[in-house]
Amino acid sequence: MQIRAEATPLSKVAAKAALVFVSKGKDPSAQVREAGTGFVGAFHTLWARETFTGAAGQVAVLHERTGARIETLVLVGTGDRGAGLDVPRNGAADGAKAARDAGADRLAVLLPDAPAAHTAAETVVEGVRLGLYVFEGYKSDKSKKAVAEAVVLAPASKLAAARRGVEEGTILADSVVLVRDLGNEPGNVCTPTYLAEQATAIGRAHGLDVRVLERADMQALGMGALLGVAQGSAQPPKLIVMTWEPKGASRRTPTVAVVGKGLTFDSGGISIKPADKMEDMKFDMCGGGAVLGVMQAVARLALPVRVVGLVPASENLPDGLAYKPGDILKASNGTTIEIVNTDAEGRLILSDALAYATSKLRPKPEAVIDMATLTGACVVALGSAAAGLMSNDDRLAARLEAAAETSGDPVWRMPLKDRYREQIKSVYADLKNSGGRDAGALTAACFLERFVGGTPWAHLDIAGTAWGDGTKGVSSRGASGFGVRLVVRALQAWGSK
Ligand code: BES
Ligand code: MN
Ligand code: ZN
């Protein structure tokens with residue numbers, strides 16, 4: 001779908017449907033009249049019946065032709081002022097879905113009230129693009145309704161800002177869509193090799209340097225943890241390294257590494273998972289997918305920060321050659337790990353990637369952020385309301401919390417404590433790969449902490465947020481693309497703090 005900004009008045013625009021945002025404070029009929037829709041009569045009825053008040057989350061569809069070109073008017077409530085960006089973002093999404101279902105193939109969207117036209121346009125574009133997202137390439141029936149084009153209408157004085165907002169919102173939404181597509185691809189298509197190919201293609205298209213470390217490279221680097229997880233699969237593991245080098249970068253340019261778990265199918269291995277919902281474990285690469293999305297957005301936005309994206313990619317399967325409970329693996333930083341559960345594989349593949357990010361990259365990153373569908377325990381703790389955030393650095397954690405505020409990707413910080421560090425001590429090795437049920441999300445984070453060597457590091461456990469069944473607002477069934485907007489917003493703000 002194409003989205004652009006124009007200064008055309010609503011009465012002249014060539015679209016079948018229009019989205020108008022209506023807030024709760026001001027007289028709604030005045031707002032509809034000011035929008036110049038010619039739908040005032042129909043709206044009055046609705047207003048009089050109190051079925052639409054402009055409350056957040058409300059959507060009303062009006063069909064009326066009073067000389068206007070618009071046949072369908074979709075009213076979207078934005079509630080009280082200062083409700084935050086989630087309200088217009090999700091409102092734009094729900095409004096766009098209503099317009100699509102009413103048969104509109106071309107959609108006009110009036111800018112919602114916001115402190116800046118740039119932000120308003122960006123928010124609306126994210127909402128429309130993500131709300132209309134579907135993953136239906138494998139369905140034979142191709143006749144579903146779709147919106148082909150959307151036009152954001154801005155007053156002439158705000159057009160330039162709105163255009164920039166549309167551009168930025170499109171870049172962010174495209175990256176989220178990329179991650180949704182990668183996540184929704186089945187495991188027989190989205191293998192480690194496929195992820196590496198996609199990363200290479202993104203690099204070529206957007207000017208990123210992409211290297212892929214193969215099994216032999218991992219052996220040379222002593223990455224026994226990543227190799228151990230991969231040894232039960234016929235699919236070769238990959239360690240994808242993508243680098244964004246801004247123009248004119250110098251030694252003073254900050255470097256940030258972003259690492260994502262790219263487990264393309266997690267059966268649990270020898271400690272096999274129950275069959276129920278095991279198919280969802282194709283989503284276990286969503287952290288790695290989010291890294292590809294972040295790298296694409298960073299390059300397209302040409303951010304003035306050096307960003308290195310790393311994705312350890314592997315399958316986790318039971319096999320005659322698979323790693324087993326009781327095995328001891330040695331990671332590339334020399335740490336020995338007793339395997340007590342082969343289903344705690346994410347921390348293993350991440351350990352070698354984190355050690356690589358913090359000890360092999362030049363220049364050394366000043367911070368490392370990882371994203372991983374790491375623990376069921378995090379889903380128990382936070383559900384889908386927020387990703388778990390664990391960090392050894394308050395400043396880095398604050399950067400992510402600030403980005404979460406507006407990005408649409410919420411986080412909730414959780415503690416790292418010696419009690420949890422104790423839980424993963426092994427009798428036979430330096431660490432064991434599971435600390436049991438208690439505080440499972442936190443013992444997993446404490447495990448990762450052992451591989452960053454004191455570098456400021458933040459871990460995002462996205463197990464509860466990376467995919468879902470919800471279809472409200474910007475969410476869609478399947479992969480959510482969580483983490484892309486969060487990390488890109490944090491990186492955008494990096495230079496200014
Ligand atoms: N990929 C799973 C975590 C997961 C489970 C994410 C359910 C989303 C939904 C991870 O590899 C895993 O299996 N973790 C185990 C760890 C345990 C064995 C210590 C878990 O959470 O049960
Ligand atoms: Mn697992
Ligand atoms: Zn997993």
Side-chain angles (χ1 to χ4, degrees), residues 183 187 190-192 195 225-226 228-230 232-233 235 237 259-290 311-319 322-327 329 337-353 370-388 390 414 420 423-426 431-448 459-469 478-480 482-483:
C190 184
T191 59
L195 277 182
L226 172 52
V229 173
S233 164
Q235 293 291 340
V259 183
K261 173 178 174 182
L263 212 295
T264 59
F265 185 72
D266 182 12
S267 70
I270 298 297
S271 314
I272 198 160
K273 289 180 181 291
D276 190 41
K277 289 279 172 99
M278 202 205 268
E279 69 273 21
D280 280 356
M281 283 298 122
K282 70 171 182 176
F283 295 121
D284 211 17
M285 40 54 67
C286 282
V311 182
S314 172
E315 287 187 326
N316 184 23
L317 294 177
D319 177 81
Y323 79 136
K324 309 173 293 297
D327 287 0
L329 305 179
I337 306 160
E338 181 198 0
I339 304 307
V340 295
N341 190 323
T342 63
D343 198 10
E345 85 299 334
R347 64 200 74 184
L348 297 170
I349 67 169
L350 286 168
S351 67
D352 278 325
D370 80 71
M371 295 181 274
T373 48
L374 204 62
T375 66
C378 192
V379 189
V380 173
L382 298 171
S384 60
M390 298 77 158
M414 302 206 276
Y420 310 138
Q423 258 172 268
I424 49 171
K425 284 189 175 160
S426 161
L431 290 175
K432 54 184 179 180
N433 75 328
S434 166
R437 277 170 63 90
D438 290 6
L442 311 176
T443 52
C446 288
F447 184 96
L448 299 180
H459 160 59
L460 295 161
D461 192 331
I462 61 170
T465 55
W467 73 93
D469 298 327
S480 65
F482 187 100

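Whatever order the structure lists ligands and atoms in, that order sets their numbers, starting from 1. Being a predicted model, the structure only gives us computed values, none of them experimental.
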Student: Look at atom 15 (C) of ligand 1 and say which protein heavy atom is nearest, naming residue and atom and giving the distance to 0.1 Å.
Tutor: Asp343 O, 4.0 Å

Student: If I take the Zn ion (ligand 3) as the centre, what angle separates the NZ atom of Lys261 from the OD2 atom of Asp284? Nearest 10 degrees is fine.
Tutor: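 Nearest ten degrees: 90°.
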
Student: By atom name, which N, O or S atom belonging to Asp266 lies closest to the Mn ion (ligand 2)?
Tutor: OD2

Student: Using the side chain to side chain contact (heavy atoms under 4.5 Å, CB included) rule, pick out the option among Leu329, Asn433, Asn316 that qualifies with Val229.
Tutor: Asn316

Student: Do the side chains of Lys282 and Glu315 get close enough for a salt bridge, i.e. N-O under 4.0 angstrom?
Tutor: no

Student: Which single N/O/S atom of Asp266 lies at minimum distance from the Zn ion (ligand 3)?
Tutor: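 The Zn ion (ligand 3) is closest to the Asp266 atom OD2, counting only N, O or S.
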
Student: For Glu345, take its heavy atoms, then give the atoms of ligand 1 lying under 4.0 Å from any of them.
Tutor: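 The atoms of ligand 1 under 4.0 Å from a heavy atom of Glu345 are 11 (O).
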
Student: Which residue and non-hydrogen atom of the protein lie closest to atom 8 (C) of ligand 1, and at what distance in Å?
Tutor: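 Sorting protein heavy atoms by distance from atom 8 (C) of ligand 1 puts Trp467 CH2, 3.3 Å first.
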
Student: So which bit of Asn433 gets within less than 4.0 Å of ligand 1, heavy atoms only: side chain, backbone, both or neither?
Tutor: neither

Student: As a test of reading the structure, name the N/O/S atom of Glu345 that is nearest the Zn ion (ligand 3).
Tutor: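 Closest N, O or S atom of Glu345 to the Zn ion (ligand 3): OE2.
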
Student: Name the closest protein heavy atom to atom 20 (C) of ligand 1, giving the residue it belongs to and the distance to 0.1 Å.
Tutor: Gly376 N, 3.8 Å

Student: Where do Met281 and Trp467 come nearest, in terms of heavy atoms and distance?
Tutor: CE-CH2, 3.9 Å

Student: Using side-chain heavy atoms (C-beta onward) and a distance below 4.5 Å, is Phe283 in contact with Asp266?
Tutor: no

Student: Would you indicate whether the side-chain heavy atoms of Ser434 and Ile424 approach each other to under 4.5 Å?
Tutor: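 Counting from C-beta outward, Ile424 and Ser434 never come under 4.5 Å.
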
Student: May I ask you to list the atoms of ligand 1 that are less than 4.0 angstrom from any heavy atom of Arg347?
Tutor: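 Numbered from 1, ligand 1 contributes 16 (C), 19 (C).
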
Student: Does Met281 come within less than 4.0 angstrom of ligand 1, counting non-hydrogen atoms of the residue?
Tutor: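 Yes, Met281 has heavy atoms under 4.0 Å from ligand 1.
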
Student: Could you give the distance from CZ (Phe265) to CD (Glu279), rounded to the nearest 0.5 Å?
Tutor: 8.5 Å

Student: Under 3.5 Å, is there a donor-acceptor pair linking the side chains of Asp284 and Thr373?
Tutor: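 Their side chains do contain a donor-acceptor pair, which is all the 3.5 Å distance test asks for.
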
Student: Which residue from Asp266, Thr465, Val340, Leu263 reaches closest to atom 2 (C) of ligand 1 through any of its heavy atoms?
Tutor: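 Closest candidate by heavy-atom distance is Asp266.
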
Student: Which heavy atom of Ile337 sits nearest to which heavy atom of Ser351, and what is that distance?
Tutor: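 The answer is CD1-OG, 4.5 Å.
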
Student: Just jot down the ligand 1 atoms closer than 4.0 angstrom to any heavy atom of Ser434, in number order.
Tutor: 19 (C)

Student: Is any N or O atom of Asp284, backbone or side chain, closer than 3.5 Å to an N or O atom of ligand 1?
Tutor: yes

Student: Within a distance under 4.0 Å of any heavy atom of Thr373, pick out the atoms of ligand 1 and give their elements.
Tutor: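 Every atom of ligand 1 under 4.0 Å from some heavy atom of Thr373: 1 (N), 2 (C), 3 (C), 6 (C).
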
Student: Quick check: closest heavy atoms across Gly260 and Pro312, and the distance to 0.1 Å?
Tutor: O-CD, 3.1 Å

Student: If I consider every N, O or S atom in Glu345, which one ends up closest to the Mn ion (ligand 2)? I only need its name.
Tutor: OE1

Student: What atoms of ligand 1 come within less than 4.0 Å of a heavy atom belonging to Lys261?
Tutor: 1 (N), 10 (C), 11 (O)

Student: Taking only heavy atoms of Asn341 into account, list the atoms of ligand 1 that are under 4.0 Å away from them.
Tutor: 18 (C)

Student: Give the residue, atom name and distance (to 0.1 Å) of the protein heavy atom nearest atom 6 (C) of ligand 1.
Tutor: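 So the nearest neighbour among protein heavy atoms is Ala463 CB, 3.6 Å.
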
Student: Please classify the Met285 to ligand 1 contact at 4.0 Å (heavy-atom distances, strictly less than): side chain, backbone, both or neither.
Tutor: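 Looking at Met285 and ligand 1, no heavy atom falls under 4.0 Å.
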
Student: Do Lys261 and Val311 make a side-chain contact, defined as non-hydrogen atoms from C-beta onward lying under 4.5 Å apart?
Tutor: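 No, too far: nothing below the 4.5 Å cut-off.
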
Student: What protein heavy atom sits nearest atom 14 (N) of ligand 1, and how far off is it?
Tutor: Leu374 O, 3.4 Å

Student: Output the distance between atom NZ (Lys432) and atom CD (Gln423), rounded to the nearest 0.5 Å.
Tutor: 8.5 Å

Student: From the options Leu460, Leu350, Ile462, select the one residue that forms a side chain to side chain contact (heavy atoms under 4.5 Å, CB included) with Leu374.
Tutor: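 So, applying the side chain to side chain contact (heavy atoms under 4.5 Å, CB included) to Leu374 and each of Leu460, Leu350, Ile462, only Leu350 qualifies.
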
Student: So, Asp343 and the Zn ion (ligand 3): N/O/S under 2.8 Å, yes or no?
Tutor: no

Student: Determine whether Ser271 and Asp343 satisfy the following criterion, side chain to side chain donor-acceptor pair (under 3.5 Å), listing intermediate values before the conclusion.
Tutor: CA-CA 6 Å; Ser271 314; Asp343 198 10; over 6 Å; no

